[in-house]
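Side chains included, hydrogens not; waters and symmetry mates left out as well; all remaining heavy atoms used. This one's a predicted model, so the numbers in the text were calculated from it and none came from an experiment. Chain A is the first sequence line, chain B the second, and so forth, proteins listed ahead of strands; every chain is numbered from 1.
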Amino acid sequence: MGMLANLQAEIKGAIKHVFDYQLPDNQLIVSPTKKEFEGEYTFVTFPLVKALKNKPEVLGEQMGAYLKENSSIVSDFNVVKGFLNLSLNDGFWSTALSTVGDETFGSKPANGKTFMVEFSSPNTNKPLHLGHIRNILLGWSMAQIAEANGYKVIKTQVINDRGIAVCKSMIAWQDLGEGKTPESTGTKGDHFVGSYYVAFEQVFQKEYKAWQETDVGQEVFSSLAKEGQDAETFFKGYKNKYFNEYSAIGARTKEMLLKWEADNPEVKALWEKMNGWVYDGFETTYKKLGVDFDYNNYESETYLLGKEFVDEGLKSGVFYKKDDGSTWIDLESAKMDHKIVLRSDGTSVYVTQDLGTAHQRYEQYKMDHLVYVVADEQDYHFKVLFEILKRLGEPYADSLYHLSYGMVDLPSGKMKSREGTVVDADDLVEEVIGEARKASQERGGLEGISTEEQEEIYRKVGLSALKYFIIKVNPKKRMTFDPKESVDMQGQTGPYIQNAYVRIQSIFRKAGVTKADQPQEALEFNNLERDLIVQLSQYPHVLEEAFNKYDPSIIANYSYTLAKSFHRFYHDCRILNAETESLKQNRLYLSQTIGSILESSMQLLGMEMPEYM
RNA sequence: GGCCACGUAGCUCAAUUGGAUAGAGUACCUGAUUACGGCUCAGGAGGUUGAGGGUUCGACUCCUUCCGUGGUCACCA
């Protein structure tokens with residue numbers, strides 16, 4: 001990092017000297033030179049044109065000449081329009097390499113601040129699916145990136161373990177379960193419970209269909225349907241109303257929820273038993289994905305939290321009450337609507353809970369950042385939530401961020417649980433690992449390694465294919481997930497990057513050393529080596545940028561270009577058979593640095609490097 | 001309909017934040033390499049950056065008007 005600052009200072013000095021002009025820092029644009037041109041770094045002279053009233057070419061020539069003459073690091077230059085391309089001398093590259101090769105390079109000292117991130121946040125009535133995987137990868141990566149930027153990190157998830165949906169699975173298990181358990185059926189707990197949720201929907205739909213044919217159903221249709229609306233469309237929209245007002249199984253479900261809220265021991269026992277099964281299942285999936293949490297928020301413990309806020313807010317006039325007893329906030333001045341915060345029966349809604357949870361977290365952890373990783377369908381919810389917290393004068397209101405990401409589509413279109421097109425997380429993980437195993441065995445590449453180690457490698461490789469495929473996309477963009485491409489291992493993929501690392505390890509094994517030191521004597525660097533050093537030196541900036549923009553895909557793309565450059569270098573330049581011993585040492589040292597940065601950057605994205613593949 | 005995102009090669013994605021001739025991968029075609037572990041490397045072809053207008057030395061990027069896609073406008077979470 002210091003190396004670029006050095007160059008910038010020299011350029012600034014040159015401008016002062018040649019033109020007697022002080023260039024503002026924000027106009028001092030120095031970037032790596034594009035491949036088509038000679039040189040390694042480029043200074044953009046356009047900003048000088050206005051102030052100095054001269055042609056950009058002339059300014060570039062004058063500065064270049066001065067720098068070549070007087071600078072200790074510039075060896076040559078050329079000017080194309082407003083671009084001054086600078087070539088730097090071997091001494092510069094030598095110190096640059098030792099900078100990036102330092103073990104502390106890229107890591108930032110602790111800054112004493114706390115970064116909290118909420119992600120995954122599953123419901124206990126369904127197993128995790130592809131959408132959760134994108135969420136988890138984003139949340140996990142942001143946690144790692146924050147840590148690399150010096151923050152103390154707290155990873156948390158909200159488990160939506162209560163409510164009407166959870167009661168549905170419970171009712172279905174009571175009716176249809178015959179006392180079966182995950183153990184007795186050999187089913188993973190979350191899948192086991194999820195199947196009863198599905199069963200409930202089937203029973204309910206059957207009941208609803210039958211009701212539609214009854215006199216009552218027909219009367220509802222003819223009296224409430226809009227003109228020209230057909231029965232199917234009408235009843236689709238009427239489903240919730242039916243559930244609440246007519247359905248027998250719906251009534252039983254609601255009754256169960258009331259009992260749950262009244263702490264009925266039998267209901268609570270059943271609830272705990274079934275949720276326990278689900279948690280076991282989630283744990284298995286998280287473990288396989290290689291993620292964990294520092295603590296969980298259970299909705300059953302937080303769903304009442306926001307109420308006291310409402311009282312305070314009513315007093316201070318932030319909220320107002322309607323005649324029916326419901327409580328609202330008027331957000332029109334912030335270009336939003338009126339929003340309900342307490343129902344007329346006094347119970348709280350989604351935002352109310354989130355208000356309370358945010359407050360509780362701050363009380364407990366005094367975090368400096370709180371990031372919610374939630375899909376972009378909830379953009380409006382978070383705008384509302386943050387605005388309310390601001391109006392309530394919460395001290396942390398400005399440190400909140402909604403990391404909003406686009407939904408994951410399949411090549412065939414949207415995932416829809418009702419149509420059974422949801423991609424299950426566990427299935428997906430098994431599939432990519434299976435593909436890695438298959439590909440490896442076809443090549444017969446892992447002979448002489450124990451079966452357990454082989455399996456561990458397949459896991460690392462398969463998961464990196466899957467994870468990279470998802471994390472490389474800018475979070476806010478909606479993405480298409482093609483299962484076929486997600487198991488690819490060639491091209492811009494996780495395994496391609498792993499392969500660069502494995503090659504480096506292999507070189508060291510071949511060389512019979514574990515570590516390389518930088519040679520002391522003066523050396524020459526070729527284009528490929530210089531390019532690699534430039535890329536390596538950007539790592540700290542990449543880290544910062546990924547953190548500031550909440551965007552792990554920046555790191556994913558960086559790792560790929562670095563791996564690509566290495567593969568090319570590896571192809572064109574002999575390392576162990578280099579012309580001289582010191583050149584060999586130098587290249588080993590460079591390779592070692594690349595390997596270590598590839599490893600740490602991929603680790604930020606939740607991907608592990610194998611030693612063989 | 002209001003509001004919010006997003007529209008870049010056939011497909012999946014980039015573009016150092018306003019910089020050079022818009023780049024990668026994939027698929028397709030052509031070559032290299034019997035090895036420092038080829039899950040590699042090089043080359044070819046593929047573009048009016050959804051459309052129009054504006055701002056300026058310079059626009060995928062900023063402003064504006066359309067068009068398209070998705071999301072959201074629940075006393076669900």
Describe the nucleic acid contact of A/K335 in one word from base, sugar-phosphate, nothing, applying a heavy-atom distance below 4.0 Å.
nothing
Given B/U12, B/C36, B/G19, which nucleotide is nearest the side-chain atoms of A/F469?
B/U12
Of the listed nucleotides B/U12, B/G37, B/A42, the one nearest the side chain of A/T480:
B/U12
So A/F469 and A/F481, would you call those rings parallel, tilted or perpendicular, with 30° and 60° as cut-offs?
perpendicular
For nucleotides 7-10 of chain B, list the nitrogen or oxygen atoms of the protein found under 3.5 Å from its nitrogen or oxygen atoms, one pair per line.
| residue | atom | partner | partner atom | Å |
| --- | --- | --- | --- | --- |
| B/G7 | OP1 | A/K477 | NZ | 3.0 |

When rounded to whole Å, the CD to C1' distance for the pair A/Q592 and B/C36 reads 16 Å
Test of understanding: with ring pair (Phe, Tyr, Trp, His ring centres under 6.0 Å), list the residues that count as partners of A/W260, not counting sequence neighbours.
A/W271, A/Y303
Applying side-chain hydrogen bond (donor to acceptor under 3.5 Å, both in side chains), name anything that partners A/E453, two or more places apart in sequence or on another chain.
A/S450
Can you tell me if the side-chain N/O atoms of A/R568 get under 4.0 Å from OP1 or OP2 in B/U40?
no
Side chain of A/K472 (C-beta onward), nearest among B/G19, B/G37, B/C13:
B/C13
For the residue pair A/Y558 and A/H541, confirm or rule out a side-chain donor-acceptor distance under 3.5 Å.
no
Applying side-chain hydrogen bond (donor to acceptor under 3.5 Å, both in side chains) to A/T347 and not counting sequence neighbours gives A/R343, A/D345
Determine, using ring centers only, whether A/F243 and A/Y208 are less than 6.0 Å apart.
no
According to ring pair (Phe, Tyr, Trp, His ring centres under 6.0 Å), who are the partners of A/Y350, at least two apart in sequence or on a separate chain?
A/H381
Does NZ or CZ of A/R509 lie under 6.0 Å from the centre of the six-membered ring of A/Y612, at an angle within 45° of the ring axis?
yes
Non-neighbouring partners of A/H571 that pass ring pair (Phe, Tyr, Trp, His ring centres under 6.0 Å), sequence neighbours left out:
none
Describe the nucleic acid contact of A/R503 in one word from base, sugar-phosphate, nothing, applying a heavy-atom distance below 4.0 Å.
base
Sequence-distant partners of A/D25, salt bridge (charged side-chain N to carboxylate O under 4.0 Å, His left out), two or more places apart:
A/K12
What's the closest nucleotide to the A/V473 side chain, out of B/A14, B/G37, B/C41?
B/A14
Contact state string [nucleotides 71-77 of chain B, B base, S sugar-phosphate only, - no protein heavy atom under 4.0 Å]:
SSSBBSB
Given the C1' atoms of B/G68 and B/G52, what is the spacing between them in whole Å?
15 Å
If we only count heavy atoms from C-beta on, is the A/I555 to A/V542 side-chain gap below 4.5 Å?
yes
Give RNA chain B the dot-bracket treatment, 5' to 3': Watson-Crick (N1-N3 with N6-O4 or O6-N4) or G-U (N1-O2, O6-N3) under 3.5 Å, [ ] crossing, | other strand.
(((((((..((((.....[...)))).(((((.......))))).....(((((..]....))))))))))))....
Can you give one letter per nucleotide of nucleotides 20-29 of chain B, 5' to 3': B if a protein heavy atom sits under 4.0 Å from the base, S if only from the sugar-phosphate, - if neither?
BS--SSS---
Let me check something: any side-chain donor-acceptor pairs from residues 40-51 of chain A under 3.5 Å, sequence neighbours excluded? List them with distances.
| residue | atom | partner | partner atom | Å |
| --- | --- | --- | --- | --- |
| A/E40 | OE1 | A/L88 | N | 2.8 |
| A/E40 | OE2 | A/R530 | NE | 3.0 |
| A/T42 | OG1 | A/T33 | OG1 | 2.7 |
| A/T42 | OG1 | A/N85 | OD1 | 2.7 |
| A/T45 | OG1 | A/G82 | O | 3.0 |

Write out a two-atom table: protein N or O, nucleotide N or O from nucleotides 62-64 of chain B, distance below 3.5 Å.
none

